[in-house]
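First the structure, in the form of structure tokens, and then the observations on it.
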Amino acid sequence: MFINRVKKNYTNLSKWAKRENVTAYRIYDKDIPQYPYTIDFYSGNIVLYKYETPKYQIEFEEKDAEKLSLSISELSEFFKIEKSKIFLKSRKKQKGLSQYEKQDSKKVTEIVNERNMNFLVNLSDYLDCGLFLDHRKSRQMIYSMSKDLSVLNLFAYTGSVSVAAALGGARKVTTIDMSNTYIQWAIENFKLNNIDIKKHEFIRANVLQWLSEVTEEKIYDFIFLDPPSFSNSKKMFEAFDVQQDHIFLLKQCSKMLKPRGQIFFSNNLKSFKLEEGNLKNFFQIENITKKTIPQDFRNEKIHQAWILKKLGI
């Protein structure tokens, strides 16, 4: 059942991917309950996530390990790749920013394409590889919306949205993340796309602290805001909860926006509800979630997204 479903999905998606010049995409997403895996394809490499959550009641005892081993062998045979090109990772409930912490030091990297954009991914060392595949359509939207704008990318991770904005003709892109590793990664992504980094700005900072301390106002035309769902990491900020704190966060961002400027706001908390009543005096709001979910993410609502346009003349 498992490998037949993978073959079917890959056969359909690979045609689309070749046509669109996309070399990183999801080919299997817990399609069959007995095989609760997520499988991502990165330019001929495979990243397989096994889930260790109560929802799937997975306890990787002997029979489960055998099933997993067989699945890896089937993937190796179908894709005609060595097992060394199949990277096994575990998805489980994360605390704070643990999903971003380094887990290995093998430094197995690959360059992937996304239409006219190139990105560096690390397949071996982190839980996530450095490119959120579910935001592929979001990046294309940012690319098409950024010409001649000043763009601020908060919680920027490896700067893929910043690359999209810069290649889309943004006048200046400011990239902010608390991790020096990810800021340097973002710079590498800029260089990979032949973007002059001297024309743009890279800042290592605690985003909420930076927003509260910045004195300049109304300086950006566009803000991309994709915060973590939760964080109790003191390195970042105290006990952040996107449901409880998104109003404060969006109002702080509003101060940085020029009149009629826009915020692209998203998050991946499935239970999240945007409190529009507390924002209607500040923004015109459009839910764009359906426009931003790629075709290779079929089985679940992976994120939600809105465009908030600042009111004023």
Side-chain angles (χ1 to χ4, degrees), residues 1-94 98-114 118-134 136 158 268 293-300 302:
M1 289 188 298
F2 167 71
I3 199 61
N4 285 339
R5 181 60 65 88
V6 170
K7 290 177 181 178
K8 180 180 178 181
N9 292 349
Y10 178 73
T11 299
N12 292 333
L13 287 168
S14 60
K15 296 175 183 177
W16 155 81
K18 183 177 181 180
R19 185 171 62 250
E20 296 290 325
N21 189 30
V22 171
T23 63
Y25 51 95
R26 181 152 294 181
I27 58 176
Y28 179 90
D29 197 1
K30 303 182 292 294
D31 297 38
I32 301 171
Q34 299 93 317
Y35 296 86
Y37 312 140
T38 289
I39 301 175
D40 295 333
F41 180 90
Y42 289 93
S43 295
N45 301 274
I46 297 292
V47 175
L48 186 155
Y49 294 97
K50 62 183 178 72
Y51 283 75
E52 298 180 14
T53 65
K55 178 180 178 181
Y56 295 102
Q57 298 180 338
I58 293 299
E59 296 177 359
F60 274 84
E61 299 174 348
E62 185 175 351
K63 63 177 181 179
D64 302 297
E66 290 176 0
K67 182 191 296 184
L68 180 61
S69 178
L70 177 59
S71 298
I72 291 172
S73 295
E74 290 176 328
L75 289 168
S76 175
E77 182 178 353
F78 173 64
F79 286 102
K80 294 180 173 58
I81 59 175
E82 298 293 328
K83 289 183 181 179
S84 61
K85 288 195 171 186
I86 300 176
F87 299 86
L88 176 63
K89 304 184 182 186
S90 297
R91 286 282 189 195
K92 53 188 175 181
K93 189 173 182 180
Q94 303 293 324
S98 57
Q99 73 181 96
Y100 303 108
E101 292 175 355
K102 197 169 187 178
Q103 299 180 338
D104 210 330
S105 300
K106 295 179 181 177
K107 297 182 180 179
V108 180
T109 60
E110 185 69 71
I111 295 173
V112 298
N113 307 111
E114 198 171 279
N118 303 309
F119 299 109
L120 178 69
V121 295
N122 185 317
L123 303 172
S124 59
D125 296 349
Y126 303 87
L127 182 62
D128 291 306
C129 298
L131 183 67
F132 293 137
L133 302 183
D134 65 300
R136 187 184 310 111
T158 61
N268 62 358
I293 304 297
Q295 51 268 62
D296 46 326
F297 286 80
R298 304 170 301 281
N299 295 339
E300 61 180 311
I302 194 73

Who are the ring-ring contact (aromatic ring centres under 6.0 Å, His included) partners of F2, not counting sequence neighbours? Y28, Y35, Y37
Mind checking what makes side-chain hydrogen bond (donor to acceptor under 3.5 Å, both in side chains) contact with [X], not counting sequence neighbours?
{"X": "N122", "result": "S124, D125"}
{"X": "Q295", "result": "none"}
{"X": "N113", "result": "N118"}

Flag for S14-Y25: side-chain donor and acceptor within less than 3.5 Å: no
What's the shortest heavy-atom distance between Y49 and L127, and which atoms? OH-O, 2.6 Å
Short side-chain to backbone donor-acceptor contact, [X] and [Y], under 3.5 Å:
{"X": "R136", "Y": "A24", "answer": "yes"}
{"X": "N12", "Y": "K8", "answer": "yes"}
{"X": "S90", "Y": "K50", "answer": "no"}

Indicate every side-chain donor-acceptor pair of residues 39-47 with a distance under 3.5 Å to a residue at least two apart or in another chain.
residue: D40; atom: OD1; partner: R26; partner atom: NE; Å: 2.7
residue: D40; atom: OD1; partner: R26; partner atom: NH2; Å: 3.4
residue: D40; atom: OD2; partner: R26; partner atom: NH2; Å: 3.1
residue: S43; atom: OG; partner: T23; partner atom: OG1; Å: 3.0
residue: S43; atom: OG; partner: I111; partner atom: O; Å: 3.3
residue: N45; atom: ND2; partner: Y42; partner atom: O; Å: 3.1
residue: N45; atom: ND2; partner: E110; partner atom: OE1; Å: 3.0

Spatial distance of atom [atom1] ([X]) from atom [atom2] ([Y]) [nearest 0.5 Å]:
{"X": "L133", "Y": "L131", "atom1": "CG", "atom2": "CG", "value": "5.5 Å"}
{"X": "I32", "Y": "R5", "atom1": "CD1", "atom2": "CZ", "value": "5.0 Å"}
{"X": "K85", "Y": "L123", "atom1": "NZ", "atom2": "CG", "value": "10.0 Å"}

Side chain to side chain contact (heavy atoms under 4.5 Å, CB included) between I302 and I293, intermediate numbers included: CA-CA 8 Å; I302 194 73; I293 304 297; 3.8 Å; yes
What donor-acceptor contacts under 3.5 angstrom involve side-chain atoms of residues 68-82, with partners at least two apart or in another chain?
residue: S71; atom: OG; partner: K67; partner atom: O; Å: 2.9
residue: S73; atom: OG; partner: S69; partner atom: O; Å: 3.2
residue: S73; atom: OG; partner: K83; partner atom: NZ; Å: 3.0
residue: S76; atom: OG; partner: I81; partner atom: O; Å: 2.5

Taking the side chain as every heavy atom from C-beta outward, state whether I27 and D296 have any pair of such atoms under 4.5 Å apart. no
Does the side chain of D31 come within less than 4.5 Å of N9's, by heavy atoms? yes
